[in-house]
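Reminder, nothing fancy here: chain letters follow the sequence lines and each chain counts from 1. Only heavy atoms go into these numbers, but all of them, side chains included; no hydrogens, no water, no symmetry mates.
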Amino acid sequence: MKTVAERTKIIESLHRDYAGVIFDLCVRILKDRSEAEDAVQETFLNAFRALDSFSYGDSYLPWLYRIGTNACLKIIRTKKRKGALLTDNIEATHPDEHADPATRLSNRNQLEKLLDSLDERNIEILVSHHVAGMNQQEVAHMLGISRRAVVKRLTKLKTIAKQFKSEDEDA
Amino acid sequence: MRSCPSRFTIVQYHKQELPSEQNRQIKVHLDKCIACKRSFKEILENESIFNRKIDKHTQNLLTAIAHVKDNNINDNNVVPISRLAKSQRRWHLYVPIAAAAMLTLALYFLPYKSTPQIDMGYKGGFAATVVAKRDTHQFRVENDNTLRENDALQFVIQTATAGNIYIFSVDTKMQITPLYPFNASGDSSAFPIDSPGEHTLDDSIVLDSSKGTEYIAILFSPTPFKIDSVNQYTRTIIEQHVIPKHIKDAQLTVLRFKKE
């Protein structure tokens, strides 16, 4: 149990060290610097609130990445443009070397359908992997789940994506 | 390195959070791979853009944190004991002298092992109040109240003499957390209170997410003492309300609460 003063000091120090790279993460997700600045502040404010539950070992970075990702998702949800923003970003940021059909879908409708059908956890995994650029192991560490669980979920996303794609082609 | 590192790994490299061998591999890779070099440059650029206004951002963050603190608890919105309803007052400075003398006499003859009823309040010239702030409202914490994560607790101490205060919490596993002095280590001394009267202790304690029954013990002693010298008696202090012999003049208050 830390005092408010202790927590403020820790967060101030984390902000000086990591706010820049969290800003990079938020810009990647939100594609808007002004919104990304808001997301960074929200990230460190949430980190201040949750500091006592920090349990990521030596590094604060994966923890801040997760809080940052969720702060961005909250902004997206708040603005009711979840589908548009996420699809914009996945389309814009997924590199060709990612073979995942979920990211290869070029049709905006397919992507929006895919994202609308996912729960928050799957969106978090999708965004962390395909937008924030974390590998499966890093996503697993950040979420506190096994790499296998991440792989399983990504495989499931792939299946859903394929399904949407074939439905779209049939139509 | 067989494939490109993730962007997150590049960030970790930039922040020097990778093991030295991996760090070396990334450095070699970045020298060769144009795509990763571009990602690295982009990270540095975004960081640089943000850091140009870092002082402003930090200030904004601290202001926002202060606002969170204010919404939890601060000195201004703690209700001083003197402003509580008369029925709530455990100890009032203006009680008739005769009543105070009788009470003092009665307390003098009480054994150190108190009654089974755990009590907050007047103990021979010492009273403690714990005020909790939750969201926008605050309440005085009584025994067996249920508290929640992020409830902020503030301590208001009233003493008839100068002395030394030590407040600590004990969870169900008998794990001790010093709460006041805030940064107390084992060999620290109890915090000196220079004058009699009412003292609202600086800062507040924000509860963590652990569940179960916890205790807060507040010890006030006219003589200075080391925290370590008390911690070994935690169980008897919490469970039996027995004050260690070396501070036998100390006053003790124990608050038990549940965390959900």
Side-chain angles (χ1 to χ4, degrees), chain A residues 1-9 11-28 33 36-38 40-54 58-62 64-65 93 95-97 128-129 131-139 141-142, chain B residues 3-12 14-15 17-18 35 39 42-58 60-69 72-74 149-150 152-154 169 171 177-183 202-210 214:
Chain A
M1 196 148 54
K2 292 182 176 65
T3 66
V4 172
E6 285 169 340
R7 294 201 297 173
T8 305
K9 205 173 166 188
I11 292 300
E12 190 180 355
S13 159
L14 289 177
H15 185 262
R16 295 228 171 244
D17 289 344
Y18 295 114
V21 292
I22 298 300
F23 178 70
D24 172 67
L25 166 78
C26 298
V27 167
R28 264 178 89 75
R33 282 183 184 159
E37 284 181 4
D38 292 344
V40 171
Q41 174 154 322
E42 192 61 26
T43 300
F44 285 89
L45 209 51
N46 289 340
F48 170 80
R49 292 188 182 107
L51 196 56
D52 283 329
S53 65
F54 172 76
D58 295 338
S59 173
Y60 282 96
L61 196 53
L64 291 172
Y65 248 61
T93 59
D96 292 335
E97 66 266 23
S128 302
H129 186 55
V131 183
M134 300 176 93
N135 64 31
Q136 292 164 349
Q137 185 59 52
E138 289 161 348
V139 174
H141 177 58
M142 181 185 77
Chain B
S3 59
C4 290
S6 70
R7 191 179 175 98
F8 181 71
T9 304
I10 297 174
V11 169
Q12 286 181 305
H14 169 50
K15 289 292 164 190
E17 297 201 349
L18 293 173
S39 292
E42 200 176 287
I43 292 164
L44 295 179
E45 275 172 7
N46 277 335
E47 188 179 46
S48 163
I49 288 167
F50 189 86
N51 284 347
R52 268 177 229 152
K53 293 190 278 180
I54 186 72
D55 289 336
K56 186 185 151 204
H57 292 310
T58 306
N60 287 346
L61 175 68
L62 293 176
T63 307
I65 286 175
H67 181 69
V68 171
K69 273 163 57 180
N72 283 334
I73 195 163
N74 64 23
E149 181 185 2
N150 288 331
L153 306 184
Q154 190 150 47
S169 71
D171 63 19
T177 306
L179 303 182
Y180 205 87
F182 286 126
N183 293 312
D202 292 339
D203 222 329
S204 54
I205 300 296
V206 180
L207 296 181
D208 61 17
S209 58
S210 59
E214 290 194 13

Practice task
Could you have a look at A:L51, A:I22, A:V40 and say which one has the most heavy-atom pairs with chain B under 4.5 angstrom?
Solution key: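 So the answer, after comparing A:L51, A:I22, A:V40, is A:V40.
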
Can you tell me how far the [atom1] atom of [X] sits from the [atom2] atom of [Y], to the nearest 0.5 Å?
X	Y	atom1	atom2	result
B:H57	A:E37	NE2	CD	4.0 Å
A:R33	B:N46	CZ	CG	6.0 Å
B:E17	A:L61	CD	CG	5.0 Å
A:L45	B:N60	CG	CG	11.5 Å
A:K9	B:L62	NZ	CG	13.0 Å
A:E12	B:T58	CD	OG1	6.5 Å

Heavy-atom side-chain proximity of [X] to [Y] below 4.5 angstrom:
X	Y	result
B:E47	A:D24	no
A:S128	B:F8	no
A:L25	B:R7	no

How far apart are the closest heavy atoms of [X] and [Y], and which atoms are they?
X	Y	answer
B:N150	A:R49	OD1-O, 3.6 Å
B:S6	A:G133	CB-O, 3.1 Å
A:A19	B:F50	CB-CE2, 3.3 Å

Problem - Heavy-atom pairs under 4.5 Å with chain A, option from B:N51, B:D55, B:V11 with the top count - result: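 If we count pairs closer than 4.5 Å to chain A, B:V11 comes out on top.
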
Exercise for the section: Can you tell which part of B:T9 gets under 4.5 Å to a heavy atom of chain A, answering side chain, backbone, both or neither? Expected result: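 Backbone plus side chain of B:T9, per the 4.5 Å heavy-atom cut-off to chain A.
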
Handout entry: chain A contact via B:E42 - which portion, at a heavy-atom distance below 4.5 Å
Key =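 Both parts, heavy atoms under 4.5 Å.
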
Exercise for the section: Pick one of side chain, backbone, both or neither for A:Q41, based on which atoms fall under 4.5 Å of a heavy atom in chain B. Expected result: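 Both backbone and side chain.
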
